[in-house]
Amino acid sequence: MLNYCRIDLTHFGEVDGLQLNRYPMPSLTKGQVLIKTHYSGINPIDVKTRAGLGWAAQQNADRLPWALGYDAAGQVIAVGEGVDEAWLGQPVCGMLGFPLEAGCYGSVRATDVSDLQVIPQRIHPMQAAALPLAGLTAHQALFEHGQAKAGQRVLILGASGGVGHLALQLAADAGCEVIAVASAQRGPLLQQLGANQALDYRSDWLEGLAPVDLLLDLVGGDAGIQAVAKVKASGRVVTVPTVTADDVIAAAKSRTIDATGMLVHPCGDSLQHLLQLVSDNKLTIEVDSCYPAQSVAEAHLHLEQGQVCGKLVLNWCQ
Ligand SMILES: NC(=O)c1ccc[n+]([C@@H]2O[C@H](COP(=O)([O-])OP(=O)(O)OC[C@H]3O[C@@H](n4cnc5c(N)ncnc54)[C@H](OP(=O)(O)O)[C@@H]3O)[C@@H](O)[C@H]2O)c1
């Protein structure tokens, strides 16, 4: 019988909980397609969930073994009832099963066809796998929650990370003045991606910084709280890491500044728009490292230790 590989989370904790297992091919329900995954994206939430932290871990505690992962890019290899056969062979990507189902750490993934976008020809599937969750988060944080507009000063904390490097380009493209905060070594890249100023978070970077209209906090905790001091009274704070969102929001509210947390949601139109920007060379996806799928433990350790510039992905084609 045909089968496929899946990286199971067998128990919460260290990376030894990640195990590659084989399963019979999934059957498709009405409206679904089967993707042969070429690449899966890795996100910090995967690492936190593996460690047993957060809502997705709590909700799935009784469902182990269970597969992590919300980003997949590959090719449609089967269609279920009611799906046009023209989908067969199409290169596709999507943010799938967020936040409770996940399941993109596998060599195939069954999903509703409506969850998928066709990857434009000029985009490599590795980039397409790196884009959905981080790109949608960046877009929604800036424009839905932050209401970023041309001419505004936007401070991005964590600007070299998966979400940050995309947010900085989207903000610059929208005509914002972007102040990007990351480690010193990322300065040249941040400026190349469109930052007006690149600041090193290990320096006294807050000193002398003029107030901003929008703080996009991708780091949270004390770093997020301290940065609130630089937001104009009429400004706005969007804090993305959920674990410390209440603390950062409280710091902003104590200065009567508008502040919100957020949870990314799937949006086909926005993902298509982001893919088009990449295809048109208006948005660059930095892939820091691509690991063979069987080296998922190494990839998790890399993300956990920090110093990732852009995104990490898993390769299922090797
Ligand atoms: N709520 C949601 O829906 C949602 C969605 C997506 C992500 N998130 C969360 O948002 C956060 C960012 O995600 P991500 O994928 O961009 O993470 P990431 O790729 O791990 O990026 C984090 C970046 O933060 C930088 N950094 C670390 N400490 C810093 C500091 N004190 N000041 C400024 N920058 C600092 C690091 O830069 P260096 O490498 O240069 O040190 C790193 O590049 C994570 O906590 C993630 O879980 C939430």
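The model shown is predicted, which means the values in this text are computed figures rather than measured ones. Ligands are counted one by one from 1 in listed order, and the atoms in each one are counted from 1 as well.
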Seminar exercise, completed: Restricting to heavy atoms, the pick from Pro44, Ser160, Gly158, Ala167 nearest atom 42 (C) of ligand 1 would be Ser160
Problem set entry | Asn21 and Tyr4 side chains, donor-acceptor separation under 3.5 Å | no
Exercise. Closer than 4.0 angstrom: is that true for some heavy atom of Leu218 and an atom of ligand 1?
Worked result: yes
Exercise. Backbone or side chain, does any N or O of Gly161 fall under 3.5 Å from an N or O of ligand 1?
Worked result: yes
Problem set entry | Contact (N/O only, under 3.5 Å) between Gly162 and ligand 1 | yes
Exercise. Can you list the atoms of ligand 1 that are under 4.0 Å from a heavy atom of Val308?
Worked result: 39 (O), 43 (O)
Seminar exercise, completed: Result for salt bridge (charged side-chain N to carboxylate O under 4.0 Å, His left out) between Asp213 and one of Arg153, Arg236, Lys232 points to Lys232
Exercise. Identify the closest protein heavy atom to atom 41 (O) of ligand 1: which residue and atom is it, and at what distance?
Worked result: Tyr201 OH, 2.6 Å
Exercise. Is there a side-chain contact between Tyr70 and Val264 (heavy atoms, below 4.5 Å)?
Worked result: no
For this session: State whether Arg50 and Glu304 are salt-bridged, where the test is any N-O pair (Lys NZ or Arg NE/NH1/NH2 against Asp/Glu carboxylate O) under 4.0 Å.
Result: yes
For this session: State, with a plain yes or no, whether a side-chain heavy atom of Val79 is found less than 4.5 Å away from one of Leu28.
Result: no
Exercise. Do Leu190 and Val178 belong to the same hydrophobic cluster, where Ile, Leu, Val, Met, Phe, Trp and Tyr are linked whenever their side-chain heavy atoms lie under 4.5 Å apart, directly or via other members?
Worked result: yes
Just distance, no hydrogens or angles: give the donor-acceptor pairs under 3.5 Å from side chains in residues 276-289, sequence neighbours left out.
| from | atom 1 | to | atom 2 | distance (Å) |
| --- | --- | --- | --- | --- |
| Gln276 | NE2 | Asp280 | OD1 | 3.1 |
| Asp288 | OD2 | Cys309 | N | 2.8 |

Seminar exercise, completed: Numbered in order shown, the ligand 1 atoms found under 4.0 Å of a heavy atom of Val181 are 33 (C), 34 (N)
Exercise. Less than 3.5 Å between some nitrogen or oxygen of Ala159 and one of ligand 1, yes or no?
Worked result: no
For this session: Run the numbers for me: atoms of ligand 1, each under 4.0 Å from some heavy atom of Met262, listed by number.
Result: 1 (N), 2 (C), 3 (O)
Exercise. Can you list the ligand 1 atoms lying under 4.0 Å from a non-hydrogen atom of Arg186?
Worked result: 39 (O), 40 (O)
Problem set entry | atom 8 (N) of ligand 1 [closest protein heavy-atom partner, distance rounded to 0.1 Å] | Val240 CG1, 3.6 Å
Problem set entry | Thr242-ligand 1 polar pair, N/O distance under 3.5 Å | no
For this session: Give a yes-or-no answer on whether the side chains of Glu144 and His265 include a donor-acceptor pair shorter than 3.5 Å.
Result: yes
Exercise. Atom 5 (C) of ligand 1: which protein heavy atom is closest, and how many Å away?
Worked result: Thr137 OG1, 3.3 Å
For this session: Identify, by atom number and element, the atoms of ligand 1 in contact range of Lys48, meaning under 4.0 Å from any of its heavy atoms.
Result: 44 (C), 45 (O), 46 (C), 47 (O)
For this session: Decide whether His11 and Asp16 meet the rule of one side-chain donor and one side-chain acceptor closer than 3.5 Å.
Result: yes
Exercise. Has Val243 got any heavy atom lying under 4.0 angstrom from an atom of ligand 1?
Worked result: no
For this session: Would you mind running through ligand 1 and noting each atom that sits below 4.0 Å from a heavy atom of Val264?
Result: 2 (C), 3 (O)
Exercise. Do Gln307 and Gln185 meet the criterion of a side-chain donor-acceptor pair at a distance under 3.5 Å?
Worked result: yes
Problem set entry | Same apolar cluster (I L V M F W Y, side chains within < 4.5 Å links), Val154/Val238 | yes
Seminar exercise, completed: Atoms of ligand 1 under 4.0 Å from any heavy atom of Ser183, numbered from 1 in the order shown, are 38 (P), 40 (O), 41 (O)
In residues 124-134, what donor-acceptor pairs under 3.5 Å come from side-chain atoms, sequence neighbours left out?
| from | atom 1 | to | atom 2 | distance (Å) |
| --- | --- | --- | --- | --- |
| His124 | ND1 | Met126 | N | 3.0 |
| Gln127 | OE1 | His124 | N | 3.4 |

Problem set entry | ligand 1 N/O within reach of Arg202 N/O, cut-off under 3.5 Å | no
Seminar exercise, completed: Gln307 heavy atoms within 4.0 Å reach ligand 1 at atoms 39 (O), 41 (O)
For this session: Determine whether Val76 and Val83 fall in the same hydrophobic cluster, where Ile, Leu, Val, Met, Phe, Trp and Tyr are linked whenever their side-chain heavy atoms lie under 4.5 Å apart.
Result: yes
For this session: Examine ligand 1 and decide if any of its atoms is less than 4.0 Å from a heavy atom belonging to Gln185.
Result: no
Seminar exercise, completed: Contact region, Val163 to ligand 1, non-hydrogen atoms below 4.0 Å, reads both
